[in-house]
Student: 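Would you mind keeping the following structure in view while I ask a few things?
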Amino acid sequence: MHFKKLEEEDPKKLEAFQARIDAEERIEPKDWMPDAYRYHNIRQISQHAHSEVIGMQPEGNWLTRAPSLRSKKILLAKIQDEAGHGLYLYCAAETLGVSRDTYIQWLHEGKAKYSSIFNYPTLNWADMGAIGWLVDGAAIVNQVSLTRTSYGPYARAMVRICKEESFHQRQGYEIMTRMMNGTKEQRQMAQDALDRFWWPSLMMFGPHDTDSPRSKLALQWKIKRATNDELRQKFIDKTIPQAELIGLKIPDPELELQADGSYKTGEINWEEFYNVIKGNGPCNRERLAHHREAHARGAWVRKACTAFNEKYKGELVLN
Ligand code: BYC
């Protein structure tokens, strides 16, 4: 696929496009858009879709070991929601002219990313709490702002996703709360889960604004409505009081409450972040291998679903 560089685009069309964005109009699939706008959305929406789908793996790991039937049913429903989010997002991404097969091929070839957070292992039941509370909590902060993104199909997909994520955040916080009200060992497990997931959750928002190459145009075209650091700060300020309320301690010795009520944190380990997004996190290889294997195992289902179309070559058959 060839995408024109911004300087190769017709300046008049670019100007009219920016005027539509500035007027808060939504861009729809058949509208003219610069290739760079199309490409940013292809990349971001498909990476978002891959994150939802790969994100099922760390939680799926605990389905057979949930501590009660109630918690098992809730976790199962949550994981199914994530599959649904992946599907809405692949549909939104397909409106940009790339097929779902191609998106999945890019994932398998390592050309597409998915969120760094899903490359960390889930070691105990409290990790289910930490993921719902922190990972879905971080996702909501980002996704609420994306309900106002300028590309219509992406913005609309976000509305339902946000509603479901807010339920997920609460189920995670409920697990943490119950464990913090439990035995000494349960409290230690909850604290240990927070210790391991806190910093990777902050990394979900991406590099600092000064180091984020994609942000400038994304903000100008209102694909992104807030910067990586703004969203990260919102998440930090919202989450720390929730941790304190149930007796958890944020694993950051440099944490400081400021006069305006917001929190200043220590520095994120960016070397770890870049290492993970380059494919060298603790679980990157395992996650991709599992996806490739599941995709290959599901080939017969995809074939069965399209068998009718293949036979009738798209003819409308009425009985
Ligand atoms: N992980 O210039 P930047 C969920 C990459 S899942 C990996 O700031 P951008 C859930 C970035 O792609 C929710 N890569 O980029 C599911 C770029 O690399 P490329 C997932 C990252 O796009 C199951 C480079 O770093 N949410 O809810 O302007 C269970 C430079 O970054 C990450 C989304 O996907 C990262 N954390 O901003 C529970 C939200 N951060 O592509 C929960 C949609 C950065 O140029 N995505 N990179 O090679 C976004 O909002 C934006 O893409 C980002 C990055 C804020 C992530």
Side-chain angles (χ1 to χ4, degrees), residues 36 39-62 75 78-86 88-89 92-93 106-107 110-120 122 127-149 151 154-155 157-158 161-162 164-169 171-172 197 199-221 223-232 235 268 270 272-281 284 287:
Y39 178 75
H40 189 111
N41 275 296
I42 285 177
R43 184 188 59 84
Q44 180 169 325
I45 306 172
S46 67
Q47 293 185 359
H48 196 160
H50 299 324
S51 304
E52 301 281 356
V53 170
I54 298 275
M56 292 193 285
Q57 291 186 38
E59 290 175 300
N61 182 34
W62 279 88
L75 185 63
K78 181 206 187 280
I79 296 172
Q80 284 178 333
D81 285 351
E82 307 299 357
H85 298 175
Y88 316 148
L89 287 163
W106 288 344
L107 173 71
K111 289 183 190 156
K113 294 187 168 70
Y114 57 87
S115 182
S116 49
I117 190 75
F118 302 117
N119 293 307
Y120 292 85
T122 44
D127 290 8
M128 298 305 96
I131 288 183
W133 172 41
L134 300 173
V135 176
D136 287 82
I140 294 170
V141 171
N142 187 345
Q143 291 171 166
V144 164
S145 91
L146 287 173
T147 58
R148 292 171 52 247
T149 188
Y151 188 56
Y154 193 20
M158 279 301 126
I161 292 180
C162 283
E164 292 176 352
E165 300 287 28
S166 91
F167 163 76
H168 299 166
Q169 192 269 352
Q171 71 88 30
F197 277 94
W199 291 105
S201 301
L202 301 191
M203 293 175 196
M204 282 177 73
F205 295 92
H208 282 313
D209 299 347
T210 44
D211 302 320
S212 161
R214 306 272 185 197
S215 279
K216 188 172 174 278
L217 267 180
L219 289 163
Q220 181 186 319
W221 284 334
I223 299 171
K224 281 167 118 169
R225 286 290 186 155
T227 71
N228 296 357
D229 283 329
E230 283 164 356
L231 293 172
R232 184 171 14 248
F235 170 73
I268 290 169
W270 293 111
E272 176 181 322
F273 169 78
Y274 286 112
N275 202 31
V276 172
I277 70 170
K278 272 189 216 135
N280 301 319
N284 296 59
R287 300 286 186 246

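Source: prediction; values computed, not measured. Indexing begins at 1, ligand by ligand and atom by atom, following the structure's order.
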Student: Under 6.0 Å between ring centres: does that hold for His208 and Trp270?
Tutor: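 Yes, they do, as the ring centres are separated by less than 6.0 Å.
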Student: Please confirm whether the backbone N or O of Glu165 pairs with a side-chain atom of Asp81, one donor and one acceptor, at under 3.5 Å?
Tutor: no
Student: For a distance cut-off of 3.5 Å, show me each N or O of ligand 1 paired with any protein N or O, plus the separation.
Tutor:
residue  : atom   : partner : partner atom : Å
ligand 1 : 1 (N)  : Ser116  : N            : 2.8
ligand 1 : 1 (N)  : Ser116  : OG           : 3.4
ligand 1 : 2 (O)  : Ser212  : OG           : 3.0
ligand 1 : 2 (O)  : Pro213  : N            : 3.3
ligand 1 : 2 (O)  : Arg214  : N            : 2.9
ligand 1 : 8 (O)  : Ser212  : OG           : 2.8
ligand 1 : 8 (O)  : Asn228  : ND2          : 2.8
ligand 1 : 12 (O) : Arg43   : NH1          : 3.3
ligand 1 : 12 (O) : Gln47   : OE1          : 3.1
ligand 1 : 18 (O) : Lys113  : NZ           : 3.4
ligand 1 : 22 (O) : Arg43   : NH1          : 3.3
ligand 1 : 22 (O) : Arg43   : NH2          : 3.0
ligand 1 : 27 (O) : Glu165  : OE2          : 3.1
ligand 1 : 28 (O) : Lys224  : NZ           : 2.6
ligand 1 : 36 (N) : Ser116  : OG           : 3.1
ligand 1 : 36 (N) : Met203  : O            : 3.3
ligand 1 : 36 (N) : Met204  : O            : 3.2
ligand 1 : 37 (O) : Lys224  : NZ           : 3.1
ligand 1 : 41 (O) : Arg43   : NH1          : 2.9
ligand 1 : 41 (O) : Gln47   : NE2          : 3.2
ligand 1 : 45 (O) : Arg214  : NE           : 2.8
ligand 1 : 45 (O) : Arg214  : NH2          : 2.8
ligand 1 : 48 (O) : Lys113  : NZ           : 2.5
ligand 1 : 50 (O) : Asn142  : ND2          : 3.0

Student: State whether the side chain of Arg148 and the backbone N or O of Arg225 hold a donor-acceptor pair below 3.5 Å, judged by distance alone.
Tutor: no
Student: I would like to know whether Gln47 and His50 meet side chain to side chain donor-acceptor pair (under 3.5 Å); could you show each step before the answer?
Tutor: CA-CA 5 Å; Gln47 293 185 359; His50 299 324; over 6 Å; no
Student: Given 3.5 Å as the limit, does a donor-acceptor pair link the side chain of Asn61 with the main chain of Thr122, or not?
Tutor: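 Checked: pair present.
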Student: Check Arg232 with Asp229, please: is the shortest side-chain N to carboxylate O separation under 4.0 Å?
Tutor: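 Yes, Asp229 and Arg232 are salt-bridged.
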